[in-house]
There are 2 protein chains.
Amino acid sequence: MVTEREFLDGYDPRAYPAVAVTVDVVTLTIRDGVLHVLLVERGEQPFAGRLALPGGFVREETLDEAALRELAEETGILPRVHLEQLTTFGDPGRDPRMRVVSVAYLAFAPRLPDPNVGGDAAAARWVPVGDATGLAFDHDRVLAAGLERARAKLEYTPLATAFVDDEFTIAQLRGVYTAVWGEEPHAGNFHRKVLSVPGFVEDTGATTSRGGERGGPRSRLYRAGGARILHPALLRPNPQEQ
Amino acid sequence: MVTEREFLDGYDPRAYPAVAVTVDVVTLTIRDGVLHVLLVERGEQPFAGRLALPGGFVREETLDEAALRELAEETGILPRVHLEQLTTFGDPGRDPRMRVVSVAYLAFAPRLPDPNVGGDAAAARWVPVGDATGLAFDHDRVLAAGLERARAKLEYTPLATAFVDDEFTIAQLRGVYTAVWGEEPHAGNFHRKVLSVPGFVEDTGATTSRGGERGGPRSRLYRAGGARILHPALLRPNPQEQ
DNA sequence: TACCGTTCTTCTCAGTTCGAGTTTATCTCA
DNA sequence: TGAGATAAACTCGAACTGAGAAGAACGGTA
């Protein structure tokens, strides 16, 4: 039994059962209107051949820095990504070989390039979240936590702007909500709401150079406003129980 | 440099710089209408004599179990507490002696007994959150994260019912919001809202045996309903920027 | 015992927001 | 040139919110 007191007295930490601390990153982006997650294929046991979230050991760095580094190693240069801590998973037995405590992170980015830029990440690829099941370790749970967090944060933060380019149309923003929520908001009400929430978007004055592929007028271009939270919130039609 | 590949090949984990994993618990309760947090006084360096959040090493148990165990050691038997994971803090240097990654937990409980029941927790005590500054390590940050989480969760979950007894009055529930938000909701509107949100509370049919200390009619008694989220939410007057 | 102040509970009412649908103008493609 | 599609604005009833007030029940005190 190890008490805090022993620890504070300078008890040699190497005498304890070793614990490894890693970060796992749930990276989401939208490609062709479908929400995708970045996964890597495992080469070794356990779970060889299975898909897993990218991740790795925490070094002499903050947890945030570790997550950013792992992400950069998988995807090459990172444009502007939103990164936030999600949940920490540490059940004994989640890795069959030793105690591993994993700090999960959630990242959002606008249409990232195909991975395979980094070193040991040749097997990394984007997978539609609907197809991302049967992942290694407890990564199904981690991904589920990330998705639910993303869905909830769209409601009360301007997070959707992290999925689109610097300048975007209201329709593109609506596409983010559609992809993440799996349900298309009412176009007219969405438009009214986005423009009425203070600080959500700001008008650039410019418009797109042409209309939509199937017709329609040119649409106005906006950029992200300064708000950190949306007030009032943009609620989804059917909030999840849980 | 330690890569994931080396780890997966069975690299000896004891060769790594040791990392300790602990849990710290932000335990909140309301006493005499004031929000209190459970703190312990540190006996040793560093931060000897300073107040800190209770916490300790994670053993052969899940993180949730570790948090519950630490809480039980500080407060004795636990009636019904709500416990949830908060954030993980792992900056290098947050503990001056070695790398410590702390998984912070948030606990809510109805008027807990005075601590000093457990073993090494003779110095544990309830402190009004307004007085809980200058804590050891980075516990000021941890506490701040816990408070903001608590404030936000009162809006969209029935968490307030975790602060009161099994049977409670609307006024007692309103007292929870007042203590946590630092602002008293409009009594009439609060009453209407609580009764209108499905699953927040259910009527017991009973009333209190006498009126308030300074007069007023007996009030009806309710118990917590089955809802996990409040819809529509009970928004605070002035949501925080951040 | 009668009264006063307090509190619970319900009600009122105007302003705001929301969901659903419609209208108008603009644009692409055939 | 016409058909279909879309952006943006508008309409309207329902629902919700904030602020205040009314009525009833109760504890303490004169």
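Convention: sequence-line order gives letters A, B, ...; per-chain numbering from 1.
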Whole angstrom is fine here: how far is it from [atom1] in [X] over to [atom2] in [N]?
X: B:Asn189; N: D:dG20; atom1: CG; atom2: P; value: 10 Å
X: A:Arg174; N: D:dA8; atom1: CZ; atom2: C1'; value: 11 Å
X: B:Lys193; N: D:dA19; atom1: NZ; atom2: C1'; value: 16 Å

Given A:Phe200, A:Tyr177, A:Trp181, the one that forms ring pair (Phe, Tyr, Trp, His ring centres under 6.0 Å) with A:Phe190: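 It is A:Tyr177; the other options fail the test.
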Assign [X] to base, sugar-phosphate, or nothing according to its heavy-atom contacts below 4.0 angstrom with the strands shown.
X: B:Gly215; answer: base
X: B:Gly211; answer: sugar-phosphate
X: A:Ala187; answer: nothing

Side chain of [X]: nearest nucleotide among [options]?
X: A:Arg220; options: D:dA5, D:dA9, D:dA19; value: D:dA9
X: A:His191; options: D:dG28, D:dA8, D:dA24; value: D:dA8
X: A:Leu195; options: D:dA7, D:dA9, D:dC16; value: D:dA9
X: A:Ser219; options: D:dC16, D:dA8, D:dG27; value: D:dA8

A:Tyr222 vs A:Leu195 side-chain heavy atoms within contact, under 4.5 Å: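 Side chain of A:Tyr222 against side chain of A:Leu195, heavy atoms only: contact under 4.5 Å found.
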Side chain to side chain, B:Arg125 and B:Glu41, heavy atoms closer than 4.5 Å: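 Side-chain contact under 4.5 Å: yes.
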Heavy-atom contact window of chain B on DNA chain C, given 5' to 3' at under 4.0 Å: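 First and last nucleotides in contact are C:dG5 to C:dT12.
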D:dC16 OP1/OP2 closer than 4.0 Å to side-chain N/O of B:Arg192: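 False: B:Arg192 side-chain N/O out of range (4.0 Å or more) of D:dC16 OP1/OP2.
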D:dC26 phosphate, OP1 or OP2, under 4.0 Å from B:Arg218 side-chain N/O: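 For D:dC26, OP1 or OP2 has a side-chain N or O of B:Arg218 closer than 4.0 Å.
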Backbone N/O of B:Ala109 and side chain of B:Thr29: donor-acceptor pair under 3.5 Å: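 Yes: the side chain of B:Thr29 pairs with the backbone of B:Ala109.
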Any donor-acceptor N/O pair, B:Asp140 side chain to B:Thr133 backbone, under 3.5 Å: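 Not a single qualifying donor-acceptor pair exists.
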Ring geometry between B:His139 and B:Phe137 (parallel below 30°, tilted from 30 to 60°, perpendicular above 60°):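 Answer is tilted, since the angle falls between 30° and 60°.
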